[in-house]
Amino acid sequence: MGRVLPIRFYARPAVVVARELLGARIVSSVDGLLTVGRIVETEAYTGPDDEASHAAARIGRTARNAAMFGPPGSAYVYRIYGVHWCLNVVTDTVDHPAAVLIRAIEPITGIDVMHERRGRGTIARCLIGRGPGNLARALGIDGILNGQSLRVAPLRLLRGDAIDDAAIATGPRIGVTRAMDLPLRFFIRGNPSVSGRRKQSRPPER
DNA sequence: GGTCGGATCATCT
DNA sequence: GATGATCCGACCG
């Protein structure tokens, strides 16, 4: 399959990286168990001026968001609602806090492992990696990976297939309470693993 | 189909 | 002391 994505891939604005991460592969070997997924949905958190970001200027640098100020190509993993882990990819430059939240993957390898980690009985394939908390759980991701490089085991990102612009849709980010109008969510149109809006098929225009 | 609330806790004020 | 880049099951229609 593809090569490990190089630093220069990440050393660009979060919006660009979010768009180009679609189709990339996440390879996890956490606990010696191989799981691979294809990224189908992302969100960009662009920098200090992004009011919805954990590293917005009004918040500044804190213990939680420190990884966002680190080198591009590393992970920012945080716990939300005391329950779920979320995986972000750090982008742009050191000291410019920006990241891309991975919102959904399509399972490719190790589906049985992912299934078992989810621990909810039988789940449809397309639901295993749908939603940031769900995909983190399926891949065995937790806070230990915060700040770690995404170019070495146990968590690596590989170049995937190029996705046609026509196959990509954008929209407002999910669940945020600020900057709600910005179209910083990117997803592969019609993909069943995409979270957020459940009705993907829009009724014909009248 | 849709809406609602509980879980659960680290983080920040 | 309040909040949150979520998920799931309950309930309603």
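A note on names: the letters A, B, ... follow the listed sequences, proteins ahead of strands, and every chain is numbered from 1.
- Within the nucleic acid shown, A:Leu101 comes within 4.0 Å of at least one base atom, counting heavy atoms only.
- Judged by closest nucleotide on DNA chain C, A:Gly82 is the one of A:Gly133 and A:Gly82 placed further toward the 5' end.
- Regarding A:Arg64, its CZ atom lies at a distance of 6 Å from the C1' atom of B:dT11, rounded to whole Å.
- Phosphate contact (OP1/OP2 of C:dT6, side-chain N/O of A:Arg103, threshold under 4.0 Å): present.
- Stacking of A:Tyr45 onto the six-membered ring of C:dA5 is present: less than 5.5 angstrom between centres, less than 30° between planes.
- Between A:His54 and C:dA5 there is a side-chain N or O to OP1 or OP2 distance below 4.0 Å.
- Evaluation of atom-type donor-acceptor distances gives a pair under 3.5 Å for the side chain of A:Tyr78 against the base of C:dA5.
- The side chain of A:Val176 sits closest to C:dA5 out of C:dC7, B:dC12, C:dA5.
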Check your understanding: After noting the C-alpha distance and the side-chain angles of A:Glu106 and A:Arg130, does the key distance pass the salt bridge (Lys or Arg N to Asp or Glu O under 4.0 Å) rule?
Key -> CA-CA 8 Å; A:Glu106 191 180 85; A:Arg130 186 167 91 169; over 6 Å; no
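- Base-pair partner of C:dA5: not found among the strands shown (Watson-Crick or G-U wobble, both distances under 3.5 Å).
- Of the possible polar contacts, none joining the A:Arg103 side chain to the A:Phe186 backbone as a donor-acceptor pair under 3.5 Å is found.
- Phosphate proximity of B:dC12 to A:Arg61: absent, as no side-chain N or O sits under 4.0 Å from OP1 or OP2.
- Distance from the side chain of A:Arg118 is smallest for C:dC7 among the nucleotides B:dC12, C:dC7, B:dT8.
- Rounded to whole Å, atom P of C:dT3 lies 20 Å from atom CZ of A:Arg79.
- When the C1' atom of C:dC8 is taken as reference, atom CZ of A:Arg130 falls 12 Å away, rounded to whole Å.
- A salt bridge links A:Arg19 to A:Asp165: at least one charged side-chain nitrogen sits closer than 4.0 Å to a carboxylate oxygen.
- One can place CG of A:Asp142 at 14 Å from P of B:dA10, the figure rounded to the nearest angstrom.
- Atom CZ in A:Phe187 sits roughly 16 Å away from atom C1' in C:dA5 (whole-Å rounding).
- In this structure, A:Val83 reaches the bases: a heavy-atom distance under 4.0 Å links it to at least one base atom across the strands shown.
- Counting to the nearest Å, the C1' atom of B:dG5 and the OH atom of A:Tyr81 are 13 Å from each other.
- Distances shorter than 4.0 Å separate none of the side-chain N or O atoms of A:Asn65 from OP1 or OP2 on B:dC12.
- Of the charged side-chain nitrogens involved, none lies within less than 4.0 Å of a carboxylate oxygen, so that A:Glu43 and A:Arg173 do not count as a salt-bridged pair.
- For CD1 of A:Ile7, the number of neighbouring non-hydrogen atoms (other residues, nucleotides, ligands) closer than 6.0 Å is greater than 12.
- Taking the six-membered ring for Trp and the full ring otherwise, A:His54 and A:Tyr45 have centroids separated by 6.0 Å or more.
- The nearest whole Å value for the distance from the CD atom in A:Glu41 to the P atom in C:dA5 is 16 Å.
- Between the CD1 atom of A:Ile128 and the P atom of C:dC7 there is a distance of 15 Å, rounded to whole Å.
- Each of C:dA5, C:dC8, B:dT11 was ranked by its minimum atom distance to the side chain of A:Asn88; first place goes to C:dA5.
- Among the heavy atoms of the strands lying under 4.0 Å from A:Asn134 are primed sugar atoms or P, OP1, OP2 only; no base atom is included.
- Counting non-hydrogen atoms under 4.0 angstrom, A:Arg137 reaches nothing in the nucleic acid.
- Side-chain N/O atoms of A:Ser53 include none lying less than 4.0 angstrom from OP1 or OP2 on C:dA5.
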